[in-house]
Amino acid sequence: MEILNKIQALNWQTLLESGVLTTGIRVLALLVIGLPVLRAISALCRRLVARRFSQQSAMLVQKGVFYGGGVLVLIMVLQELGFSLAALIGAAGVAGIAIGFAAQTSLSNIISGLFLISERPFEVGDIIRIGDTTGIVLSIDLLSVKMRRFDNTFVRVPNETLVKSELTNITRFPIRRFDLNLGVAYGEDIERAVEVLKEVARDNPWALDEPQPMIAFTDFGDSALEIFFGVWFAKTDYLALRDSILPAIKKRFDQEGIEIPFPHRTLYVGEHSEPFPVQMVQQQEEWGDESSDD
Amino acid sequence: MSDHPNLLEPWEPITLEAGQTRLWQIGPLKLYIHRSGHEWHLATEEVREQEDGLAVAGEAEPGEDIQWRRWANPGGEDRLRLAPLMPDRPVVVRPKAPLAFPPGAGGTLYARIPVWVQLNVGGEDHEVTLCEVPSITLSNTWFGPDTTEGELCYSMASTLVSELESVNPAPHRAICALHLQNEAEEPLNLERMCIRGQQISVSGLDGCLWTSEVTVTYRDPAEPSRVEYSDKRFRKDENAKELTPPRNPITGGLVARSFARVASIGNLF
């Protein structure tokens, strides 16, 4: 009620004649019309760019058009309100120094973001690993990169962190290698085991014929003969390959009687073939007397 | 090439009555096609041991564990046509042993490329493609200078041969004649070759499936070889019939293709 009284008390004629009302309407029109139009134009630009270029490029164009247009709208609004652009720029220079000190981290993130954009270690849609976090890149923004983990959780990684840390782009190249270290018992025929692994790779529909699988006898381990088995696959087939080749190896090894041993220790005294000596240290009847006390 | 049955029979259009189930066997691929009142049903089975199997719209006894795919057929169309198609990815082929072409030398090699079977329904003037299935499952392979550049291809077990007489036609394989010419100043060592089937058509001639002829001219190790496709042989022979055009026919002149290539070059950002 009080506000209504105050509005009624305003001298509208004076406001209209002085131009305050028209200025206000123009500013409102700039904001109300300008911002939605700007948003529509930036979305259109994104759709047009996405047809020929990557999603990341389209996103960058959209943000560039929107923020650039936003600055123009802001300048027009300030000019409507009567602010001098020259004075504003002068003031901004002074304010910039103060803001620079206060916003060091944000500025560092922005500059890191520019480096990421120019270097392009990854794109939107890539799967990357940074530290313990593995996920799909959703967007590359001004201050941070947004990711989605495979358990559908959302992760925000500051750009500065990405520039400073080691980053792995899992889906950068069209094909990858699935590496497996396995061991076979010392008593097994290593050449036969290698041959079986080659057959498993050959029979797997997701394993590439070329590059050929890499199978190498790598070490005499504590409990087994160590074999490295690396098979190539198209990056989209990771789960299908992993879920099929591991059971296939186990099944074939079982069929061929090739043992994959548990970690174990063999004790022997002096000679491998001699029986292990056992010495009785206490009479059995004494043990019987002791056990009746329980 | 030895005498063989007419391997082009499966590719003729046929009419299926409502409620009928028919079997086609094209090499190792068995296709069960059933037409109900307003649906098409398709099931497939691969029998590797029956490489030369051939049956056209025969009696069908699909097993109970077979998986059917269904498509709506509101118009009640009863005409269907199977069509042979080049694989949806390039195919890597190899000679029996590496073959060297001295500078200036050339030759013709033959490959038998497994076809994809395309299921088309509807009248001749309004055919609709329902799906494509491979006649045989091919394994995947990579073709490129290293593991970072190249393309995903299929790998063929059968090899390139130099005598046409030793080519055994099969219902599910199209014979591809590859004319190689070495115009470089060094020998061309052929260990494997990638055939991109996007611009290759499939035709029927003398009861066999044939592809467009492919001519590859090798000029310089630093430059890609020139590849040309030709159907002249089939156009001249009135007994030949084009069964399927290329997946991606080459259209436009050289300038249009050059511009298309410029526009497709990566990202500008």
Side-chain angles (χ1 to χ4, degrees), chain A residues 45-46 48-65 113-114 116-120 122-125 140 169 171-178 198-214 230-238 240-241 244, chain B residues 28-29 44-46 48-49 87-96 98 111 113-114 116 133-160 190-196 256 258-269:
Chain A
C45 289
R46 178 182 180 157
L48 289 172
V49 171
R51 276 183 210 163
R52 285 212 178 265
F53 302 100
S54 69
Q55 282 296 325
Q56 181 176 332
S57 305
M59 202 180 288
L60 286 170
V61 165
Q62 180 186 19
K63 286 184 195 295
V65 167
L114 294 173
L116 282 176
I117 289 165
S118 63
E119 214 179 80
R120 298 182 67 202
F122 55 85
E123 294 182 351
V124 170
I140 303 170
N169 187 340
T171 51
R172 175 61 163 249
F173 303 120
I175 60 173
R176 285 174 58 197
R177 195 179 67 191
F178 178 76
K198 282 184 187 171
E199 287 168 13
V200 167
R202 201 163 42 236
D203 293 341
N204 190 292
W206 294 281
L208 301 180
D209 287 356
E210 282 175 355
Q212 290 188 358
M214 186 173 169
V231 62
W232 291 88
F233 61 98
K235 65 180 176 183
T236 49
D237 295 337
Y238 171 68
L241 177 91
S244 61
Chain B
L29 176 68
T44 59
E45 201 181 336
E46 190 175 316
R48 286 257 178 180
E49 300 78 33
D88 56 357
R89 269 195 236 145
V91 176
V92 174
V93 295
R94 293 171 187 76
K96 268 187 286 195
I113 302 178
W116 263 221
V133 290
S135 60
I136 190 169
T137 304
L138 296 175
S139 57
N140 296 331
T141 191
W142 182 251
F143 187 83
D146 55 43
T147 56
T148 62
E149 281 178 51
E151 55 193 317
L152 202 57
C153 302
Y154 291 118
S155 175
M156 271 179 31
S158 66
T159 54
L160 289 169
L190 180 67
E191 292 180 11
R192 58 192 188 128
M193 186 172 166
C194 180
I195 301 176
R196 293 179 177 84
S258 304
F259 272 62
R261 180 162 284 280
V262 166
S264 73
I265 291 172
N267 298 296
L268 298 180
F269 297 95

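So you know, we letter chains A, B, ... as the sequences are listed, proteins then strands, and number each from 1.
Only the side chain of A:Asp237 comes within contact range of chain B, judged by heavy atoms closer than 4.5 Å.
The salt bridge (charged side-chain N to carboxylate O under 4.0 Å, His left out) test applied to A:Arg177 returns A:Asp179, not counting sequence neighbours. B:Glu45 is linked by a salt bridge (charged side-chain N to carboxylate O under 4.0 Å, His left out) to nothing, counting only residues two or more places apart in sequence or in another chain. Considering only residues two or more places apart in sequence or on other chains, B:Arg94 meets the salt bridge (charged side-chain N to carboxylate O under 4.0 Å, His left out) condition with A:Glu210.
Ranked by heavy-atom pairs under 4.5 Å with chain B, the list A:Trp206, A:Trp232, A:Phe233 is led by A:Trp232.
By a heavy-atom distance cut of under 4.5 Å, B:Thr147, B:Thr148, B:Leu152 are the residues of residues 145-154 of chain B near chain A, going up by number.
We find the CD1-CH2 distance between A:Ile175 and B:Trp142 to be 5.0 Å, quoted to the nearest 0.5 Å.
More than 12 heavy atoms of other shown residues, nucleotides or ligands fall within 6.0 angstrom of atom NZ in A:Lys63.
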Check against side chain to side chain contact (heavy atoms under 4.5 Å, CB included), B:Val92 and A:Asp209: CA-CA 10 Å; B:Val92 174; A:Asp209 287 356; over 6 Å; no

